[in-house]
Amino acid sequence: MSTPDTTALPDDSAIAIGIGGFRPYRLTVARNERLTPHFTRLTLTGPDLVVFGTDRLDQRIKLVLQLPDGRWHDLGLDDPEAIHTGAWYERWRALEPDQQHPIRTYTVRSIYPAARELVVDVVLHEPAGPAGRFGAEAQPGDEIIVVGPDARSEHSAIGIDFHRGTARDLLLAGDETAAPAICAILEQLAEIGGQWRIHAFVEVPTSADALTVDAPAGTALHWLPRGDRAHGEALIEAVTAFTAADSEFVALGALPAEREPQQLEDVDIDHDLLWEAPEQVVGGAFYAWIAGESGVVKQLRRHLVRDHGVDRGRVAFMGYWRQGRAEN
Ligand SMILES: Cc1cc2nc3c(=O)[nH]c(=O)nc-3n(C[C@H](O)[C@H](O)[C@H](O)COP(=O)(O)OP(=O)(O)OC[C@H]3O[C@@H](n4cnc5c(N)ncnc54)[C@H](O)[C@@H]3O)c2cc1C
């Protein structure tokens, strides 16, 4: 279980470490295509993407954004040494708080090193934050820094939390912020081929926000329009109905009887990150991956672990964002 391992968390600790797998890439917007009312697709480009890591699944990245007035401070990105040692990040930290470029966490939707293109799907949400705003307004040629994996590093797989081991019976659940990761995961599993039993639930703002995805055969993918309901209601309802109707499926992930009963400590989601992602799932058919608004993930965690006895070592529970709070 990776809970206390800060290198597994989407905080700032890992991004400084150029030699730890992540490094900054100075990129520009090649295209900004509106996919649906609440998703836009940024295709970013830059020569250094030729070394961008391709480990993927749900690999996270950081977007470093321009200041609200459009300015950029010199973070030393012309200096390979500053990139490699993480000195660029020290420069960022040394800026006055109101001068620090906003940093937000996103997912690699696709990466094409040969074409020097990185694709990021951005949710357009209200209230908007700097990243969502950038997604809404970005024009070809606009600049952005992306902190992402370096294929030349032995740690290039840093920031991946989807670790199914050999499991092929999968439960995936999330809100729209998790949709890029869920789509990326499904597409990569389809490339692996073979038999899958996958139940995927994705809550999105409206029915028009359902995305097209090449999922493996054996996938039941449910897009759940929120409409006027509270965030997470539709997702919790759908997952709860599924676990009731197909209890044998989640029973595949039950904690073995000989193991100590699980304690489910409370996480104060207004102060602490809800982030439990097993680094290795050993044996067994079942694995679950749950991400989205922290309060919703917390409820799903309680439901699966407490109500269904699912082994916490077989589920990644990730609070991607918290209602009412900017990322930093
Ligand atoms: C590992 C990881 C991967 C992620 N991948 C993606 C991704 O690929 N695409 C993506 O769009 N998001 C993704 N997210 C979520 C994204 O980081 C957050 O939504 C982030 O807060 C957006 O930054 P912002 O600058 O737009 O808003 P912020 O400045 O962080 O927040 C401003 C306000 O908006 C609210 N808010 C933030 N997100 C939402 C939302 N989705 N709906 C409603 N209100 C919201 C906040 O609570 C706050 O009140 C990911 C998060 C993590 C941890």
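Both counts, for ligands and for their atoms, begin at 1 and track the order of listing.
- Short contacts between ligand 1 and Asp121, defined as distances under 4.0 Å to a heavy atom of the residue, involve ligand atoms 7 (C), 8 (O), 9 (N), 10 (C), 11 (O).
- Annotation: the span from Glu176 atom CD to Leu224 atom CG amounts to 11.0 Å, rounded to 0.5 Å.
- Here Asp58 has no heavy atoms under 4.0 Å from ligand 1, in either its backbone or its side chain.
- Contacts between Gln323 and ligand 1, counted as non-hydrogen atom pairs separated by less than 4.0 Å, involve the backbone only.
- When the heavy atoms of Gly324, Gly319, Pro130, Ala181 are ranked by distance to atom 49 (O) of ligand 1, first place goes to Gly324.
- Classification of Arg322 and Glu293 as a salt-bridged pair holds, one side-chain N sitting under 4.0 Å from a carboxylate O.
- Relative ring orientation between Tyr320 and Trp275 is described as parallel, the plane-to-plane angle staying below 30° on a 0-90° scale split at 30° and 60°.
- Here's the thing with His231: none of its N/O atoms is less than 3.5 angstrom from an N/O atom of ligand 1.
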Give the table of side-chain donor-acceptor pairs shorter than 3.5 Å for residues 45-57, with sequence neighbours excluded, one pair per line with atom names and distance.
| from | atom 1 | to | atom 2 | distance (Å) |
| --- | --- | --- | --- | --- |
| Thr45 | OG1 | Arg116 | O | 2.8 |
| Asp48 | OD2 | Arg23 | NH2 | 2.8 |
| Asp55 | OD1 | Ser156 | OG | 2.8 |
| Arg56 | NH1 | Arg109 | O | 2.8 |

Pair up each side-chain donor or acceptor in residues 251-259 with any protein partner under 3.5 Å, not counting sequence neighbours, and list the distances.
none

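- Ring geometry for His101 against His73 counts as perpendicular: the plane angle is over 60°, on a 0 to 90° scale with 30° as the lower cut.
- With respect to Arg226 and Glu203, a salt bridge is recorded, a charged nitrogen being found less than 4.0 Å from a carboxylate O.
- Of the inter-residue distances, the one linking Leu27 atom CG with Ile144 atom CD1 reads 7.5 Å to the nearest 0.5 angstrom.
- Taking a cutoff of 4.0 Å between a charged side-chain nitrogen and a carboxylate oxygen, Glu265 and Arg301 qualify as a salt bridge.
- Of the polar atoms of Ala128, none of the N or O atoms is found under 3.5 Å from an N or O of ligand 1, judged by distance alone.
- No side-chain donor-acceptor contact under 3.5 Å links Ser247 and His308.
- Contacts of Phe39 with ligand 1, taken as heavy-atom pairs under 4.0 Å, are absent altogether.
- Within the set Cys183, Ala326, Pro127, Gly129, the minimum heavy-atom distance to atom 34 (O) of ligand 1 is found for Pro127.
- Within the 4.0 Å heavy-atom criterion, the part of Arg322 lying near ligand 1 is the backbone and not the side chain.
- Near Gly132, meaning under 4.0 Å from one of its heavy atoms, ligand 1 places the atoms 24 (P), 26 (O).
- With Arg325, His125, Arg104 as candidates, the residue nearest to atom 26 (O) of ligand 1 on a non-hydrogen basis is His125.
- Distances below 4.0 Å separate heavy atoms of Pro180 from the following atoms of ligand 1: 7 (C), 8 (O), 9 (N).
- Taking each of Leu124, Thr105, Val108, Val122 in turn, the one with a heavy atom nearest to atom 16 (C) of ligand 1 proves to be Thr105.
- Under 4.0 Å from ligand 1, heavy atoms of Tyr106 appear from its side chain as well as its backbone.
- In the candidate list Leu273, Val123, Thr107, Leu42, Thr107 is nearest to atom 3 (C) of ligand 1, counting heavy atoms.
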